[in-house]
Colleague: 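Sending over a structure as structure tokens; questions will come in a sec.
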Amino acid sequence: QVQLVESGGGLVQTGGSLRLSCAGSGRTFVNYAMAWFRQAPGKEREFVAAIMRSGASTNYADSAKGRFTISGDNDKNTVYLEMNSLKPEDTAVYYCAASIVGSQLAAMYPYWGQGTQVTVSS
């Protein structure tokens with residue numbers, strides 16, 4: 001069973017930065033594709049970024065390109081989401097997820113963290 005624990009969320013002003021962390025149990029980063037999704041109130045969960053096993057490749061939602069960076073640390077079994085130039089529309093609960101097969105579809109991810117709130121004030 002894969003367990004994921006997110007941290008690093010908080011309140012930040014427009015234009016600010018945050019780094020989210022997702023600590024996984026076992027050799028999560030080596031064996032699984034990891035992704036970040038987010039869900040704003042009243043909206044569906046949406047893909048933000050993904051990194052393939054051991055960081056082989058990454059992909060991003062259009063809304064994240066150029067502002068967010070996903071990365072991982074094998075030794076710490078942790079995946080990060082560095083978020084810069086934050087906007088109020090980035091406000092959401094951010095979730096970390098793991099899957100054998102990397103995808104932009106939430107349904108392809110069987111393992112999820114509990115989420116961490118990111119709030120960007122205008």
Side-chain angles (χ1 to χ4, degrees):
Q1 184 72 15
V2 174
Q3 294 182 328
L4 305 171
V5 179
E6 302 99 332
S7 61
L11 174 64
V12 65
Q13 291 184 335
T14 296
S17 299
L18 283 174
R19 189 177 79 157
L20 306 183
S21 300
C22 173
S25 59
R27 293 171 59 81
T28 312
F29 185 59
V30 173
N31 294 326
Y32 293 86
M34 306 292 295
W36 288 94
F37 288 80
R38 66 187 184 186
Q39 189 166 19
K43 295 188 177 181
E44 293 186 354
R45 193 167 296 190
E46 66 173 1
F47 172 78
V48 176
I51 185 167
M52 298 306 107
R53 284 181 282 183
S54 297
S57 65
T58 59
N59 63 89
Y60 297 89
D62 287 344
S63 60
K65 288 178 181 176
R67 300 189 300 128
F68 295 0
T69 303
I70 189 170
S71 62
D73 186 322
N74 279 346
D75 293 336
K76 296 182 178 180
N77 211 34
T78 299
V79 173
Y80 304 98
L81 184 68
E82 185 77 35
M83 304 186 295
N84 298 312
S85 301
L86 283 163
K87 307 173 183 179
E89 51 264 45
D90 294 317
T91 295
V93 177
Y94 283 70
Y95 296 91
C96 176
S99 173
I100 292 294
V101 179
S103 171
Q104 295 191 5
L105 299 175
M108 298 297 292
Y109 290 82
Y111 306 110
W112 292 84
Q114 82 288 352
T116 186
Q117 176 71 46
V118 171
T119 303
V120 184
S121 63
S122 57

Colleague: Using salt bridge (Lys or Arg N to Asp or Glu O under 4.0 Å) as the criterion, list what pairs up with Glu46, not counting sequence neighbours.
Modeller: Arg38

Colleague: How long is the gap from OG on Ser85 to CZ on Phe68, to the nearest 0.5 Å?
Modeller: 9.0 Å

Colleague: What distance do Asn77 atom CG and Met34 atom CE have between them, rounded to the nearest 0.5 Å?
Modeller: 7.5 Å

Colleague: Could you check if a side-chain atom of Val118 sits within less than 4.5 angstrom of a side-chain atom of Met83, using non-hydrogen atoms only?
Modeller: yes

Colleague: Heavy atoms only: give me the nearest Ile51-Val79 pair and the separation to one decimal.
Modeller: CG2-CG1, 4.2 Å

Colleague: When rounded to the nearest 0.5 angstrom, what is the spacing between CG in Asp90 and OG1 in Thr119?
Modeller: 11.0 Å

Colleague: Tell me, do Arg67 and Tyr60 make a side-chain contact under 4.5 Å, heavy atoms counted?
Modeller: no

Colleague: Determine the minimum heavy-atom distance between Pro110 and Ala98, stating which atoms define it.
Modeller: CD-O, 3.2 Å

Colleague: Quick check against the 3.5 Å criterion: does Thr69 have a side-chain atom that pairs as donor or acceptor with the backbone of Glu82?
Modeller: no

Colleague: Determine whether Tyr80 and Cys22 satisfy the following criterion, side-chain contact (heavy atoms from CB on, under 4.5 Å), listing intermediate values before the conclusion.
Modeller: CA-CA 6 Å; Tyr80 304 98; Cys22 173; over 6 Å; no

Colleague: So which atom in Met108 and which in Ser103 form the shortest heavy-atom distance, rounded to 0.1 Å?
Modeller: CG-OG, 3.5 Å

Colleague: Could you state the interatomic distance from CG (Leu81) to OG1 (Thr116), rounded to the nearest 0.5 Å?
Modeller: 11.0 Å

Colleague: For the side chain of Ser99 and the backbone of Val101, is there at least one donor-acceptor N/O pair under 3.5 Å apart?
Modeller: yes

Colleague: Is there a path of hydrophobic side-chain contacts, each under 4.5 Å between heavy atoms of I, L, V, M, F, W or Y residues, that connects Ile70 with Phe47?
Modeller: no

Colleague: Looking at every non-hydrogen atom in both residues, tell me the closest pair between Leu11 and Ser121 and how far apart they are.
Modeller: CD1-CB, 4.3 Å

Colleague: Per the ring pair (Phe, Tyr, Trp, His ring centres under 6.0 Å) rule, what does the pair list look like for residues 85-122, sequence neighbours excluded?
Modeller: Tyr32-Tyr111, Phe37-Tyr109, Phe37-Trp112

Colleague: Report yes if the side chains of Met52 and Asn59 come closer than 4.5 Å at any heavy-atom pair, otherwise no.
Modeller: yes

Colleague: Given 3.5 Å as the limit, does a donor-acceptor pair link the side chain of Thr91 with the main chain of Val120, or not?
Modeller: yes

Colleague: Measure from the side-chain N and O atoms of Glu6 to the backbone N and O of Gly115, and report whether any donor-acceptor pair falls under 3.5 Å.
Modeller: yes

Colleague: With rounding to the nearest 0.5 angstrom, report the OG to NZ distance, Ser122 to Lys87.
Modeller: 14.0 Å

Colleague: Flag the pair Val12 / Ser17 as yes when at least one side-chain heavy-atom distance between them is below 4.5 Å, and no otherwise.
Modeller: no

